[in-house]
Amino acid sequence: MTPGARLQAAAEILDRIAAGAAAEQALLGWSRASRFAGSKDRAAVRDHVFDALRRWRSSAVVGGAETGRARILGLLRQAGTDPDTLFDGAGHAPAPLTEAERDAGAMPDGAAALDLPDWLLPVFETSLGPRLPEVAEALRHRAPVFLRVNTMLGRREAAQAALALDGIETAPHPLADTALEVTSGARRVAQSRAYAEGLVELQDAASQAVCAALPLTPGARVLDYCAGGGGKALAMAARLRGVIEAHDADPRRMSDLPARADRAGARLRVVSAPMGPYDLVLCDVPCSGSGAWRRSPEGKWRLTPENFAQTLKTQAQILDEAADLLAPSGVLAYVTCSVLTPENADQVAAFQARHPGWQVEESRQFLPSDGADGFYYAVMRRGDLG
């Protein structure tokens with residue numbers, strides 16, 4: 001495919017997404033109908049689609065319309081690329097621009113300039129204050145690729161050397177001793193020997209930092225209450241060198257976890273009905289995902305005031321359930337991949353109001369503008385043990 005043909009394909013996929021299709025569904029449908037497209041073509045089209053999703057509002061304003069074609073035009077203008085070099089109709093490229101299209105477009109302002117929904121802007125403003133512009137800007141760009149070194153199988157330097165043999169260059173990241181940022185060859189990771197043999201796992205650096213901050217002690221009984229794919233459970237297992245129990249309200253999310261654990265040499269036990277008491281319960285709760293919208297930008301536009309309110313209720317319910325599973329001196333760890341105060345500090349304060357005596361021993365907010373994803377964690381323990 002020519003560069004122009006890739007843009008045209010992306011524009012058509014964006015129209016399907018605007019009509020209601022999920023991004024992955026729309027991409028898969030195009031891929032299945034386009035057997036002529038090679039792996040590099042599919043990767044390039046995917047990148048164009050996700051770039052537009054990250055800049056859904058601003059690209060439409062700059063492009064002059066809320067269509068896939070206009071959003072691609074807006075992206076080119078934002079990048080300083082002359083659209084006429086690609087909108088030429090040659091080799092399945094987009095048709096040449098009309099005079100109306102040349103005259104259309106404007107500079108975005110307000111929430112559109114930040115690529116945020118209007119209703120969410122006040123929440124971002126109160127949550128981030130003067131750091132709002134830098135965080136919003138970070139969310140408009142692709143996220144770095146991070147790996148976690150599985151210290152049960154090797155040291156960070158050994159992992160770097162193994163990855164380099166497969167053409168993958170990495171650099172240590174300061175957020176966690178196990179974190180590597182991929183600087184070259186990111187698309188080769190899944191086919192690398194280091195990944196296949198469990199020496200490295202894909203995991204954001206801030207997520208690794210959260211796991212490193214948890215107070216794990218030898219022999220502790222630990223539950224990952226909202227395990228999902230199990231990345232944090234695997235990281236805890238590598239630290240504890242013991243059994244981690246994993247649970248999720250939707251067991252299908254954990255379908256790949258046993259295979260991942262085997263590959264990593266981790267000791268995990270999937271439990272459908274956790275039975276306390278536990279020494280530590282990790283609640284990596286469902287959330288807006290606002291800290292990771294670089295990776296999943298569609299979530300920014302699918303979130304509504306109604307489902308945000310429901311998410312806050314779900315978070316509170318999970319905290320209450322988890323507290324009942326803990327031993328008297330147990331630790332409750334609350335985690336989100338959000339940058340929004342209602343999901344983070346406010347949620348912890350509300351839990352403390354419902355459960356007097358719980359104290360926050362440590363908390364931290366990571367922001368995307370710091371380099372990794374946006375994460376929040378709070379480590380809590382009962383303070384009335386006498």
Handout entry: Distance-only polar pair, side chains of Tyr278 and Glu245, donor-acceptor under 3.5 Å
Key = yes

Practice task
Test Arg295 against Asp204 for salt bridge (Lys or Arg N to Asp or Glu O under 4.0 Å), laying out the working first.
Solution key: CA-CA 11 Å; Arg295 302 183 193 279; Asp204 180 75; 3.1 Å; yes

Practice task
Take Leu280 and Leu223 through the test side chain to side chain contact (heavy atoms under 4.5 Å, CB included) and record every step on the way to the result.
Solution key: CA-CA 6 Å; Leu280 185 148; Leu223 172 68; over 6 Å; no

Problem - Heavy atoms of other groups near Arg241 CZ, more than 12 under 6.0 Å - result: yes

Problem - Under 3.5 Å donor-acceptor, Thr183 side chain and Glu169 backbone - result: yes

Problem - Ion pair Arg193/Asp166, N-O distance below 4.0 Å - result: no

Problem - Rounded distance (nearest 0.5 Å) linking atom CG of Leu303 with atom CD of Glu298 - result: 12.0 Å

Handout entry: Test item: Asp15 side-chain N/O and Gly68 main-chain N/O as donor-acceptor pair under 3.5 Å
Key = yes

Handout entry: Flag for Ser39-Arg187: side-chain donor and acceptor within less than 3.5 Å
Key = no

Practice task
Could you tell me whether His92 atom NE2 has more than 12 heavy atoms of other residues or ligands within 6.0 Å of it?
Solution key: no

Exercise for the section: Return yes when atom CZ of Arg102 has more than 12 non-hydrogen atoms of other residues, nucleotides or ligands closer than 6.0 Å, and no otherwise. Expected result: yes

Practice task
Measure the CG-SG distance between Leu340 and Cys287 for me, rounded to the nearest 0.5 Å.
Solution key: 8.5 Å

Handout entry: Aromatic ring pairing His247/Tyr225, orientation class (parallel under 30°, perpendicular over 60°, tilted between)
Key = parallel

Problem - Side-chain ion pair, Glu361 and Arg381, N-O less than 4.0 Å - result: yes

Fill in the blank from the handout: What one should report as the nearest heavy-atom pair of Val135 and Pro368 is CG1-CD, 4.1 Å

Problem - Validation row: Gln359, Met380 side chains within 4.5 angstrom (heavy atoms) - result: no

Handout entry: Chi angles and distances behind the side chain to side chain donor-acceptor pair (under 3.5 Å) call for Gln310, Glu306
Key = CA-CA 6 Å; Gln310 182 57 52; Glu306 293 75 23; over 6 Å; no

Problem - Distance-minimising heavy-atom pair for His48 and Leu75 - result: O-CD1, 4.0 Å

Problem - Ser288-Glu343 side chain donor-acceptor pair, cut-off 3.5 Å - result: yes

Problem - Non-hydrogen side-chain atoms of Asp88 and Asp84 separated by less than 4.5 Å - result: no

Practice task
Using a cut-off of 6.0 Å, state whether more than 12 heavy atoms not belonging to Glu66 lie near its atom CD.
Solution key: no

Practice task
Consider only side-chain N and O atoms of Gln208 and Gln203, and report whether a donor and an acceptor are under 3.5 Å apart.
Solution key: no

Problem - Carboxylate-amine/guanidinium contact Asp118 Arg57, below 4.0 Å - result: yes

Handout entry: Electrostatic pair Asp115-Arg54, nearest N-O below 4.0 angstrom
Key = no

Problem - Test item: Thr81 side-chain N/O and Pro83 main-chain N/O as donor-acceptor pair under 3.5 Å - result: no

Problem - Check: Arg294 side chain, Ala372 main-chain N or O, donor-acceptor pair, under 3.5 Å - result: yes

Problem - Atom pair OG1/CD of Thr67 and Glu101 - distance to nearest 0.5 Å - result: 7.5 Å

Exercise for the section: Take Tyr377 and Glu362 through the test side chain to side chain donor-acceptor pair (under 3.5 Å) and record every step on the way to the result. Expected result: CA-CA 8 Å; Tyr377 76 87; Glu362 183 181 0; 2.6 Å; yes

Problem - Side-chain donor/acceptor of Ser127 to backbone N/O of Thr341, under 3.5 Å - result: yes

Problem - His355 side chain to Asp320 side chain, donor-acceptor N/O pair below 3.5 angstrom - result: yes

Problem - Salt bridge present between Asp47 and Arg142 (N-O < 4.0 angstrom) - result: yes

Problem - Non-hydrogen atoms of Gly91 and Ala5 that approach each other most closely - result: O-CB, 3.4 Å

Problem - Side chain to side chain, Leu199 and Leu163, heavy atoms closer than 4.5 Å - result: no

Practice task
With the side chain counted from C-beta on, respond yes when Met236 and Val222 share a heavy-atom pair under 4.5 Å apart, and no when they do not.
Solution key: yes

Practice task
Indicate the atoms forming the closest heavy-atom contact of Cys283 with Ala322, along with that distance.
Solution key: SG-CB, 3.3 Å

Handout entry: Donor + acceptor pair across side chains of Thr85, Asp82 (<3.5 Å)
Key = no

Practice task
Applying side chain to side chain contact (heavy atoms under 4.5 Å, CB included), run through Arg267 and Ile244 and close with a yes or a no.
Solution key: CA-CA 6 Å; Arg267 298 170 63 191; Ile244 301 293; over 6 Å; no

Completion exercise
Interatomic distance, CZ@Arg364 vs CZ@Phe375, rounded to 0.5 Å, equals 12.5 Å

Exercise for the section: Using a strict cut-off of less than 4.0 Å between a Lys/Arg side-chain nitrogen and an Asp/Glu carboxylate oxygen, indicate whether Asp279 and Arg221 qualify as a salt bridge. Expected result: no

Practice task
Answer yes if the side chains of Glu12 and Gln8 hold a donor-acceptor pair under 3.5 Å, and no otherwise.
Solution key: yes

Exercise for the section: Could you tell me whether the side chains of Glu181 and Thr170 share a donor-acceptor contact shorter than 3.5 Å? Expected result: no

Exercise for the section: May I ask you to decide if Ser31's main-chain N or O and Ser34's side chain share a donor-acceptor pair within less than 3.5 Å? Expected result: no

Handout entry: Minimum heavy-atom distance Cys226-Asp248, with the two atoms named
Key = C-OD2, 3.5 Å

Problem - Candidate pair Arg239 and Leu214, rule side chain to side chain contact (heavy atoms under 4.5 Å, CB included), full reasoning - result: CA-CA 10 Å; Arg239 279 191 59 204; Leu214 299 177; 4.1 Å; yes

Exercise for the section: For the residue pair Pro3 and Leu86, establish whether any side-chain heavy-atom pair is separated by less than 4.5 Å. Expected result: yes

Handout entry: Gap between atom CG of Leu332 and atom CZ of Phe351 - 0.5 Å precision
Key = 5.0 Å

Practice task
Output yes when Arg260 and Glu201 qualify as a salt bridge under the 4.0 Å nitrogen-oxygen rule, no when they do not.
Solution key: yes

Exercise for the section: Heavy atoms only: give me the nearest Val339-Phe124 pair and the separation to one decimal. Expected result: CG2-CE2, 3.9 Å

Problem - 4.5 Å side-chain heavy-atom contact, Leu97 and Arg69 - result: yes

Problem - SB check Asp370 Arg131 (cutoff 4.0 Å) - result: yes

Practice task
Answer yes or no: is there a donor N or O on one side and an acceptor on the other, between the side chain of Arg156 and the main chain of Pro172, under 3.5 Å?
Solution key: no

Problem - Side-chain touch Phe146/Val200, heavy atoms, less than 4.5 angstrom - result: no

Handout entry: Side-chain donor or acceptor of Ser192 paired with backbone N/O of Tyr195 under 3.5 Å
Key = yes

Handout entry: Under 3.5 Å donor-acceptor, Arg71 side chain and Trp56 backbone
Key = yes

Problem - Arg155 side chain reached by Val149 side chain, heavy atoms, under 4.5 Å - result: no

Handout entry: Salt-bridge present (Asp284, Lys232; N to O < 4.0 Å)
Key = yes

Fill in the blank from the handout: Taken to the nearest 0.5 Å, the spacing of Arg42 CZ from Met1 CE works out to 10.5 Å

Exercise for the section: Flag the pair Arg46 and Glu24 as a salt bridge only when some basic side-chain nitrogen lies within less than 4.0 angstrom of an acidic carboxylate oxygen. Expected result: yes

